[in-house]
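It should be emphasised that the depicted structure is a prediction, and the values quoted were computed from it without experimental measurement. Order of the sequence lines fixes the chain letters, A, B, ..., with proteins taken first and strands second; residue numbering starts at 1 for each chain.
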2 protein chains.
Amino acid sequence: MTELLQKNIADHVVLSTTETEEFCNLFEQRFIKKKSFLLREGEVCKFEGFVVKGLFRVYHIDKNGFEQILYFAIENWWITDIDSFTTETPSQLYIEALEDSEVLLISKKDKEFAYSNLPRIEKLFRVMTQKTHVALQRRMIDNLSKTAELRYIEFSEKYPQLFQRLSNIQIAAYLGITNVFLSNIRKKIASKK
Amino acid sequence: MTELLQKNIADHVVLSTTETEEFCNLFEQRFIKKKSFLLREGEVCKFEGFVVKGLFRVYHIDKNGFEQILYFAIENWWITDIDSFTTETPSQLYIEALEDSEVLLISKKDKEFAYSNLPRIEKLFRVMTQKTHVALQRRMIDNLSKTAELRYIEFSEKYPQLFQRLSNIQIAAYLGITNVFLSNIRKKIASKK
DNA sequence: GAATTTTATTAAACTAGTTTAATGTATTGA
DNA sequence: TCAATACATTAAACTAGTTTAATAAAATTC
């Protein structure tokens, strides 16, 4: 049940078999149906999750009702609202399954337990947070410096697997443009070939 | 010399006096003149820094020669290229002093030493990275959902101290707009009052 | 399998932000 | 202290991206 999680951990830090097992035992398996929510705005995020199967989107709805997608998570990715989870304040985000999905969840209490009793777990999450942060910095620069057309092309090349599972509406919300404009971009690209 | 650093650490984690001292002793004091660089594109970032005095900007130059500012750092803020520092690969960023500045630097080797010998330092950097990441997530959402005018106003309200030390060119590069357009925004705001 | 909802496309008018270039004013530096 | 450089503003033509609305196709649901 936790094979994929174990492999994911091993990609970040070196843990003994016992440590890995003890940590993985803290997770609870959950099945989430397409269009169901793991988290809604206003709720405190009480978990950190690892996607075993399926696809999620983490997004915000602004005061004009537009959705901005912070990130997607497919198999082998982690999901949480790190802000709400760490500060125990109401979330401003939604986490929604875009496909029938399976996740492994760890509670705040069990994660604290791990931090105290399994010292290398602290390193695991430091390293993971660093990597996520680096990725977001790159995306920030891209959003500041590149046109939507280029961002679309690069997104399709960087995450081909994810790309073909997403509707254009979702991709547009991630790129920060309207789906109408994305349609224009797609037409333009198609006509070039 | 390290009073401000000690206070900053205490704001994030609980350390004993000895731990704090031992950690702070790993830092080296450096004075950086205005317009000098702590890091340039292509160099490997060999330090993590804490600003005691002055002002820095961390930015990227895209292939059209435009600068995107990732963040500013004044007194009591940390600076590094976390990507280059952790992976030991050439940086894509510049770190430049915008005022005569004083920083405390810790080398990669000494930071690794601290991680191994002062276990709570691992927590310190996990917590700090999390906070930085949350701030960047918020900025990402703002950039996707808000107009430049609103971002400008909110920036001035959120960081008034920093704001008045920056030229409009720097602010525009941070907001992701041209300084010409920023000038229009300023005119529009002024006429409203 | 018919009805409903969601998705993608197109068009046309619009707006936020860019580009280039000129001008005046502050700052900086030798 | 004077020349050079950096900064802020304005104008005008332009372009990237939005808005609204209509239509067709695809997917979902009962």
Side-chain angles (χ1 to χ4, degrees), chain A residues 33-36 55 57 59 61-69 72 94 96-100 142-156 163-193, chain B residues 33-37 54-55 57 59 61-69 72 94 96-100 142-156 163-193:
Chain A
K33 280 252 173 269
K34 181 170 175 172
K35 293 193 183 174
S36 299
L55 168 57
R57 63 173 181 143
Y59 66 101
I61 300 184
D62 69 28
K63 61 176 198 298
N64 301 316
F66 292 101
E67 299 175 356
Q68 292 87 39
I69 295 184
F72 298 104
Y94 295 83
E96 181 192 2
L98 293 176
E99 298 175 0
D100 290 347
D142 283 354
N143 270 281
L144 291 174
S145 63
K146 294 176 180 169
T147 62
E149 180 177 346
L150 188 53
R151 267 145 52 212
Y152 174 72
I153 294 169
E154 290 182 352
F155 179 67
S156 75
F163 182 78
Q164 42 98 323
R165 286 157 78 177
L166 294 170
S167 70
N168 289 335
I169 290 179
Q170 303 304 337
I171 294 171
Y174 178 83
L175 296 176
I177 57 176
T178 60
N179 56 335
V180 175
F181 188 54
L182 178 52
S183 207
N184 291 341
I185 289 174
R186 286 161 52 80
K187 189 182 175 186
K188 190 179 159 198
I189 293 173
S191 75
K192 276 185 191 167
K193 290 184 182 162
Chain B
K33 279 252 173 268
K34 181 170 175 172
K35 293 190 183 175
S36 300
F37 288 84
L55 168 56
R57 62 174 182 145
Y59 65 100
I61 299 183
D62 69 27
K63 61 177 198 297
N64 302 315
F66 292 101
E67 299 176 357
Q68 292 87 39
I69 296 184
F72 298 103
Y94 295 82
E96 182 193 0
L98 293 177
E99 299 174 358
D100 290 347
D142 284 354
N143 269 279
L144 291 174
S145 63
K146 293 175 180 170
T147 62
E149 181 178 346
L150 188 52
R151 268 146 49 214
Y152 173 72
I153 293 169
E154 290 183 351
F155 179 67
S156 74
F163 182 78
Q164 42 100 319
R165 286 158 76 178
L166 294 170
S167 70
N168 289 334
I169 291 179
Q170 303 304 338
I171 294 171
Y174 178 83
L175 296 176
I177 58 176
T178 60
N179 56 335
V180 175
F181 188 54
L182 178 53
S183 207
N184 292 340
I185 289 175
R186 287 162 52 80
K187 190 183 176 186
K188 191 179 157 197
I189 292 173
S191 76
K192 276 185 191 168
K193 291 184 181 165

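- When the C1' atom of D:dG17 is taken as reference, atom CG of A:Asn143 falls 14 Å away, rounded to whole Å.
- Atom C1' of nucleotide D:dG17 and atom NZ of A:Lys188 are separated by 12 Å, given to the nearest angstrom.
- Distance, A:Ile171 CD1 to C:dA8 C1': 12 Å, rounded to whole Å.
- Contact annotation: A:Asn179 does not reach the phosphate of C:dA8 (side-chain N/O to OP1 or OP2, under 4.0 Å).
- Considering only side-chain atoms of B:Ser183, the nucleotide from C:dT9, D:dA8, D:dG17 that sits closest is D:dA8.
- For the pair B:Glu99 and B:Lys34, the salt-bridge criterion is not met [side-chain N within less than 4.0 Å of a carboxylate O].
- Using a 4.0 Å heavy-atom cutoff across all strands shown, A:Lys34 reaches sugar-phosphate atoms only and no base atom.
- When the nucleotides D:dT10, D:dT20, C:dA8 are ranked by their closest atom to the side chain of A:Asn168, C:dA8 comes out on top.
- Counting to the nearest Å, the C1' atom of D:dT9 and the CD1 atom of B:Ile189 are 15 Å from each other.
- Per the geometry, CG belonging to A:Leu166 stands 14 Å off C1' belonging to C:dT7, to the nearest Å.
- Counted by atom type alone, A:Arg57 and A:Tyr94 present zero donor-acceptor pairs between their side chains at under 3.5 Å.
- B:Ile61 CD1 to B:Glu67 CD: the interatomic distance, rounded to the nearest 0.5 Å, is 5.0 Å.
- In this structure, B:Leu98 atom CG and C:dT28 atom P are separated by 12 Å, rounded to whole Å.
- Remark: A:Asn184 is not in phosphate contact with C:dA11, judged by side-chain N or O atoms under 4.0 Å from OP1 or OP2.
- Of the candidate nucleotides C:dG17, D:dA8, C:dT19, C:dT19 has the atom nearest to the side chain of B:Phe66.
- Looking at A:Lys35 and A:Glu96, no side-chain N of the basic residue comes within less than 4.0 Å of a carboxylate O on the acidic one, giving no salt bridge.
- Side chain of A:Phe181, nearest nucleotide from D:dT29, D:dT18, C:dA11: D:dT18.
- In this model, the phosphate group of C:dT5 is not approached by any side-chain N or O of A:Lys35 to a distance below 4.0 Å at OP1 or OP2.
- The residue among B:Ala148 and A:Arg186 whose nearest nucleotide of DNA chain C is located toward the 5' end is A:Arg186.
- Nearest nucleotide to the A:Arg151 side chain, out of D:dG17, C:dT18, D:dT18: D:dG17.
- Between the CG atom of A:Leu150 and the P atom of D:dG17 there is a distance of 10 Å, given to the nearest Å.
- Contact check, A:Thr178 against D:dG17: no side-chain N or O comes under 4.0 Å of OP1 or OP2.
- Nearest nucleotide to the A:Thr147 side chain, out of C:dG17, D:dG17, D:dT9: D:dG17.
- One atom, CD1 of A:Ile185, and another, P of D:dG17, lie 6 Å apart when rounded to the nearest Å.
- Contact between B:Ser145 and A:Asp62 at its shortest, heavy atoms only, is CB-OD2, 3.3 Å.
- For A:Ile177, the listed nucleotide lying nearest its side chain is D:dG17; candidates were C:dT9, D:dG17, C:dT20.
- Aromatic ring centres of B:Phe163 and B:Tyr174 lie farther apart than the 6.0 Å criterion allows.
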